There are 2 protein chains.
Amino acid sequence: MERLLKTIKIAINEKIYLKDPESSQLGKRIIEHSILMIDEIGFESFTFKKLGVVIGSNESSIYRYFENKHKLLVYLTSWYWGWLEYQLVFATNSMTDPKEKLEKTLAIVSKSTVQDNAFTHINEVLLNKIVVNESSKSFLTKEVDLENKEGYFVIYKRMVNRLEDMIKAFAPTYDYPSSLASTILEGTLHQHFLKDHFPTLTNCDDKRTPGDFIADLVFKTLNQHNSNG
Amino acid sequence: MERLLKTIKIAINEKIYLKDPESSQLGKRIIEHSILMIDEIGFESFTFKKLGVVIGSNESSIYRYFENKHKLLVYLTSWYWGWLEYQLVFATNSMTDPKEKLEKTLAIVSKSTVQDNAFTHINEVLLNKIVVNESSKSFLTKEVDLENKEGYFVIYKRMVNRLEDMIKAFAPTYDYPSSLASTILEGTLHQHFLKDHFPTLTNCDDKRTPGDFIADLVFKTLNQHNSNG
DNA sequence: ATAATATAAAAGTATTACTATTATTTTTGC
DNA sequence: GCAAAAATAATAGTAATACTTTTATATTAT
């Protein structure tokens with residue numbers, strides 16, 4: 001998989017950036033260090049000026065890649081979902097049994113991220129932390145409808161729709177396949193957050209993971225549905 | 001209920017404000033118009049300066065009530081959860097059947113908010129919209145652990161724990177009562193958001209509500225659990 | 001070698017998120 | 001009803017943010 005991914009590029013909607021950060025060394029440094037910095041100080045405190053200082057570059061040069069830090073966040077989360085989607089499709093493509101396929105899918109979307117060395121300038125473990133802690137801010141804005149229309153969130157939506165399809169294949173008459181799919185993704189992220197900051201609001205920890213909870217929830221729901229109509 | 005609530009005050013942790021906004025006319029105007037304004041322009045664009053202009057008061061006077069807009073958001077969401085908690089306890093207190101009680105609870109926490117005239121300066125419908133669109137930003141911060149330790153989120157946590165207790169009463173051996181409880185609250189808000197902005201990611205609309213989805217999810221899960229162990 | 005492009009440096013602007021000081025108004029305690 | 005205290009308003013000021021613009025320098029492509 002590693003070798004294959006080295007030739008693969010996660011395709012991000014061109015409207016999100018002014019200049020493709022994958023097209024230059026500076027662009028890659030922007031991505032690499034924005035991940036480190038947002039993880040370290042949080043999205044609110046993160047600025048292009050501070051980023052410029054640590055990558056030894058000028059604020060104005062960063063503005064030639066991204067209009068503002070919000071679009072950079074949209075880029076980073078899109079990249080993450082594209083990367084996860086790739087893993088998902090790769091791992092489940094050959095599977096035929098709907099149950100196995102759904103199980104594998106849940107395992108992939110809810111597992112703790114491990115470093116993937118295929119993309120040397122992207123730290124996937126930290127990017128996953130950013131998705132847990134910051135990604136809601138990319139769509140909880142007044143501009144969400146406009147940006148959605150422009151296609152900023154297509155990768156995420158495609159991911160939810162893939163999950164929806166797997167749910168339908170396993171339980172064709174279930175009434176809420178897309179609501180369950182979106183709940184799986186958001187719910188998993190939220191349980192990861194609670195595990196780290198509000199342990200009394202979750203039963204998840206290092207032994208019973210958010211993935212275990214979600215798998216239990218999904219299969220209890222769909223099995224009950226399949227057996228009782 | 002209306003008359004009773006007129007004598008009730010939602011108790012908010014005193015560390016969240018510098019001066020209790022319920023203690024003066026100016027304070028109430030701050031709350032009233034911050035709700036209108038955050039709903040209208042969004043939390044990012046909302047400033048104390050703009051609020052001062054519309055309430056005909058000075059920026060510096062607002063700073064005597066709240067240190068910054070983040071604490072005001074924490075106050076507003078706390079008030080909302082306290083208000084919902086009150087309705088929940090009031091409506092379910094006399095119930096004895098665990099199933100009925102859980103059903104009623106789900107109905108209350110997931111229903112579309114209607115205006116409550118008991119608190120004249122608070123528009124609960126708009127406040128509910130703010131909770132859907134902005135409340136995640138109150139805890140997705142680098143300061144969350146510190147603020148949690150200071151008790152900023154006690155009301156929300158108490159609400160999740162009440163839900164957890166109802167789940168336990170109905171399904172005493174279920175493994176994930178608090179994870180399910182937190183998923184119910186966050187999931188409901190998220191489905192409301194999707195319904196308004198990403199209709200392809202949810203099956204909920206005006207006919208099949210987020211409440212219907214969540215009730216279906218919860219009872220399918222817990223019934224399956226109760227019958228299969 | 002020249003032109004085109006990318007990056008860096010510097011300066012400037014409007015706004016934000018405050019703090020501090022002083023003046024004025026309102027409330028309260030006697 | 002008056003003085004003291006408290007609350008609010010007005011004004012000014014600061015440092016940082018979120019940019020934009022201009023110009024200079026370096027890099028790359030033809």
Side-chain angles (χ1 to χ4, degrees), chain A residues 14-34 37-38 40-76 121 134 137-138 140-143 146-147, chain B residues 14-34 37-38 40-76 121 134 137-138 140-143 146-147:
Chain A
E14 292 185 13
K15 285 179 182 154
I16 295 173
Y17 49 76
L18 296 170
K19 179 179 173 173
D20 185 359
E22 289 293 322
S23 70
S24 73
Q25 272 312 110
L26 178 60
K28 286 178 185 166
R29 283 176 66 73
I30 290 172
I31 299 305
E32 179 182 3
H33 288 275
S34 65
M37 206 169 179
I38 292 172
E40 200 188 328
I41 65 176
F43 186 66
E44 277 72 34
S45 300
F46 170 80
T47 71
F48 282 179
K49 185 154 205 179
K50 290 176 188 170
L51 179 62
V53 172
V54 305
I55 65 176
S57 182
N58 200 274
E59 197 188 1
S60 60
S61 303
I62 300 168
Y63 275 106
R64 311 199 122 242
Y65 286 82
F66 293 99
E67 265 183 71
N68 49 52
K69 69 176 181 174
H70 169 251
K71 295 220 174 167
L72 173 57
L73 181 63
V74 174
Y75 180 93
L76 293 177
H121 61 298
E134 318 284 2
K137 299 168 192 168
S138 71
L140 294 177
T141 68
K142 279 283 163 185
E143 297 78 31
L146 190 74
E147 295 186 349
Chain B
E14 293 184 12
K15 285 180 182 153
I16 295 173
Y17 49 75
L18 296 169
K19 180 181 173 173
D20 184 0
E22 290 292 322
S23 71
S24 73
Q25 272 313 109
L26 178 60
K28 285 177 185 167
R29 283 175 65 74
I30 290 172
I31 298 306
E32 179 182 3
H33 289 274
S34 65
M37 205 168 181
I38 292 172
E40 201 189 327
I41 65 175
F43 186 66
E44 277 72 35
S45 300
F46 169 80
T47 70
F48 281 179
K49 185 155 204 178
K50 291 175 187 170
L51 179 62
V53 172
V54 306
I55 65 176
S57 181
N58 201 274
E59 197 189 2
S60 60
S61 302
I62 301 167
Y63 275 106
R64 311 200 122 241
Y65 286 82
F66 293 99
E67 264 182 72
N68 50 51
K69 69 175 181 174
H70 170 251
K71 295 220 175 166
L72 173 56
L73 181 63
V74 173
Y75 180 92
L76 293 177
H121 62 297
E134 319 285 1
K137 299 167 193 169
S138 72
L140 295 178
T141 68
K142 279 283 163 183
E143 297 77 33
L146 190 73
E147 295 186 350

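Proteins get letters first, then strands, A, B, ... in listed order; numbering begins at 1 in each. All figures in this text were calculated on a predicted structure; none of them were measured in a lab.
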For this session: Report the distance from atom CG of A:Asn58 to atom C1' of D:dT23, rounded to the nearest whole Å.
Result: 13 Å
Exercise. Taking any atom under 4.0 angstrom from a heavy atom of chain B, which nucleotides of DNA chain C are the first and last to qualify, 5' to 3'?
Worked result: C:dT16 to C:dA20
For this session: Quick one: pull up CZ in B:Phe48 and CD in B:Glu67 and give me the separation to the nearest 0.5 Å.
Result: 9.5 Å
Exercise. Does a nitrogen or oxygen in the side chain of B:Ser24 sit under 4.0 Å from OP1 or OP2 of D:dA6?
Worked result: no
Problem set entry | Rounded interatomic separation in angstrom, taking NZ from A:Lys19 and C1' from D:dT28 | 11 Å
For this session: Report the distance from atom NZ of A:Lys71 to atom P of D:dA18, rounded to the nearest whole Å.
Result: 16 Å
Exercise. Contact class for B:Phe48 vs. all strands (heavy atom < 4.0 Å): base, sugar-phosphate, or nothing?
Worked result: nothing
Seminar exercise, completed: Rounded to the nearest 0.5 Å, the CZ atom of B:Phe46 sits from the CD1 atom of B:Ile38 at a distance of 4.5 Å
Exercise. Taking only side-chain nitrogens and oxygens of A:Lys49, does any of them come within less than 4.0 Å of OP1 or OP2 of D:dC19?
Worked result: no
For this session: In whole angstrom, give the distance that lies between atom OH of B:Tyr65 and atom P of D:dA7.
Result: 8 Å
Seminar exercise, completed: In short, A:Phe66 meets A:Leu72 closest at the heavy-atom pair CE1-CD1, 3.6 Å
Problem set entry | Gap between atoms CD1 and P, on B:Ile30 and D:dA7 respectively (whole Å) | 13 Å
Problem set entry | Of B:Arg64 and A:Asn68, the one whose closest DNA chain D nucleotide lies more 5' | B:Arg64
For this session: Indicate, with a heavy-atom threshold strictly under 4.0 Å, whether A:Ser61 touches base, sugar-phosphate, or nothing.
Result: base
Problem set entry | Integer-rounded Å distance: D:dA7 C1' and B:Tyr63 OH | 19 Å
Exercise. Taking only N and O in the side chain of B:Ser57, is any of them less than 4.0 Å away from OP1 or OP2 of D:dT8?
Worked result: no
Problem set entry | Nucleotide D:dA18, atom C1' - distance to NZ of A:Lys50 in whole Å | 12 Å
Exercise. Rounded to the nearest 0.5 Å, how far apart are CG of B:Leu26 and OG of B:Ser57?
Worked result: 4.5 Å
Exercise. Which side-chain hydrogen bond (donor to acceptor under 3.5 Å, both in side chains) pairs, counting each pair once, include a residue from residues 44-56 of chain A, with sequence neighbours left out?
Worked result: A:Glu44-A:Lys137
Problem set entry | Position toward the 5' end of DNA chain D (nearest nucleotide), B:Gly27 or B:Glu59 | B:Gly27
Seminar exercise, completed: Separation between CD (A:Glu32) and CG (A:Leu51), nearest 0.5 Å, reads 10.5 Å
Exercise. CG/B:Leu73 to NZ/B:Lys71 distance, rounded to the nearest 0.5 angstrom?
Worked result: 13.0 Å
Exercise. Touch check for A:Phe66, heavy atoms < 4.0 angstrom, all strands: base, sugar-phosphate only, or nothing?
Worked result: nothing
